[in-house]
Amino acid sequence: MTDTRDEALKQLMDDFHASIDADRRLFRVDIRGSIAYARGLVRIGVLTADEGHVIEKALGEIEGEIESGAYALTRDLEDIHMAVEKRLIEKVGPVGGKLHTGRSRNDQNATDERLYLREVVDDVSGRIRDCQAALLGLAERTVDVVFPGYTHLQQAQPIRFAHYALSLLFGLQRDRERLADCRKRINVMPLGAGAMAGSAFPIDRAFLADELGFDGISPNSIDAVSDRDFNVEFLAACTTLMIRISRACEDLVIWSSTEFGYVTQHPRLATGSSIMPQKKNPDAAELLRGKTGRVVGSLVSLVTILKGLPHTYNKDMQDEKEPLFDAIDTVTVALTVFTAIWETLEVRGGRVEENMDDAMLSTDLADYLTRCGVPFREGHGIVAALVEEALNRGCSLRDLPLELYRQYSEHFDEAVIAGLRFDDSADKRALPGGTGRKPIEQQIEQAREILARG
Ligand code: ARG
């Protein structure tokens, strides 16, 4: 009876505390870390050169076995570190048990996470760059597409569509900068911190850091095994990125609606309805908007797990891996889909033009009066009244009679009214950063330089 209960509890706990399902994806970096560590042990004489060689060779084979599935990572193995060590001892005998000398899973795990995340950061950053390249291409082909710029989702001022595409590109550049900055703090090696007090063996930490491509070593072993800031920073950077993606996707959902009809998404990125034959839903954009919630959720999970944890390592920290990895997978695929959207987006210039309200030229009319010496606030009032008139008559600003304009201000003449054009309005915004042709060309040049840098 007691034996059965004991067995049942063991089974329960094995299943409950095993992290191998999540951390199997760390097997390569775990083995890489162990190979470096074996070399470190040879340098201080804990392993002979021969033993080091045998262990290194076996670790290489284990990597292949895990890769091919020949060595199955089952729950009873607990975690990736135990799994690799167990197989090592199976293969090389008791000498394999020397590898963990002066090392703890606490510093080993922190090292693995950093090695892994470093690769992820580089990959995500590369994907953001691909997306920037797609946006640059889109900007280059839409310099002449005049488009309504919105505030409060009300038509505000005319812009060039390229201006919008570039706005995303520059935002994505900040996301890359955030990742690059976070990478600096990821790339610090905890190995040698041991369980938390440091190692009693004279391991050459600088040598290990060099072997593993770290920029330096952690300055304090308590901090080294407690610290998960780098995961938080990474997820915060991913959250910022996803929030950006979700906002752009919302623009696309709006612009592809029946009422707007400004853009058409590639038919492969939209799907039909099972009942309504006419439907072409902007699923890709909607899903990206939704996936943002998952990444935000991962960040919240992570900080909640960490909140109030006593120093140093606590098993709670193991549970960070699932939300972290889920966010990585989500961001990775999200960027690929987001890029495909921009690569294939069609802007329906004709439809956009039809829908543009010339009240968007009001600012230009007020600016004109200002140039004639009318104080801007007064000009603003005059044009607001004219817009109101147009609204009451159900006509456009351009179609109001000249006499009416002149009742409001003697400065108005035919040329001014005739000159109310969206592209001219855009080109008046000629300062750097604006929507005029010249600043747009400058921004395209700036974007090209960013991409040329890597
Ligand atoms: N599987 C653990 C994790 O992922 C590794 C560290 C465990 N250390 C320990 N002393 N139990 O966090």
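We're numbering straight along the sequence, starting at 1.
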Report task. State, yes or no, whether a side-chain contact exists between Arg289 and Ser246 at a heavy-atom distance under 4.5 Å. Result -> yes
Report task. For Ser167, check side-chain contact (heavy atoms from CB on, under 4.5 Å) against everything at least two apart and list the hits. Result -> Tyr164
Requested in this report: Just grab all the side-chain hydrogen bond (donor to acceptor under 3.5 Å, both in side chains) pairs involving residues 193-218, residues at least two apart or on different chains.
Outcome: Arg39-Glu211, Arg43-Asp204, Asn187-Asp215, Arg205-Ser218
Query raised in the report: Is there a side-chain contact (heavy atoms from CB on, under 4.5 Å) between Cys131 and Leu172 once you walk through the steps?
Result: CA-CA 8 Å; Cys131 187; Leu172 288 171; 3.8 Å; yes
Requested in this report: Pick out which of Asn109, Asn231, Asp326 makes a side-chain contact (heavy atoms from CB on, under 4.5 Å) with Lys321.
Outcome: Asn109
Query raised in the report: Can Asp76 and Thr74 be counted as having a side-chain donor-acceptor contact under 3.5 angstrom?
Result: yes
Report task. Taking the six-membered ring for Trp and the single ring otherwise, decide whether the centroids of Tyr150 and Trp255 are under 6.0 Å apart. Result -> no
Query raised in the report: Quick one: does Phe170's side chain get under 4.5 Å of Ile450's, heavy atoms only?
Result: yes
**Report entry** Test side-chain hydrogen bond (donor to acceptor under 3.5 Å, both in side chains) applied to His163 and Arg160, step by step
**Finding:** CA-CA 5 Å; His163 198 198; Arg160 297 177 177 282; over 6 Å; no
**Report entry** Presence of salt bridge, Glu65 and Lys91, under 4.0 angstrom
**Finding:** yes
Report task. Compare all side-chain heavy atoms of Val331 with those of Leu335 and state whether any distance is below 4.5 angstrom. Result -> yes
Query - Close side-chain approach of Met360 and Gln155, heavy atoms under 4.5 Å - result: yes
Query - Arg25 and Tyr116: side chain donor to acceptor below 3.5 Å - result: yes
Report task. Would you indicate whether the side-chain heavy atoms of Ile62 and Phe27 approach each other to under 4.5 Å? Result -> no
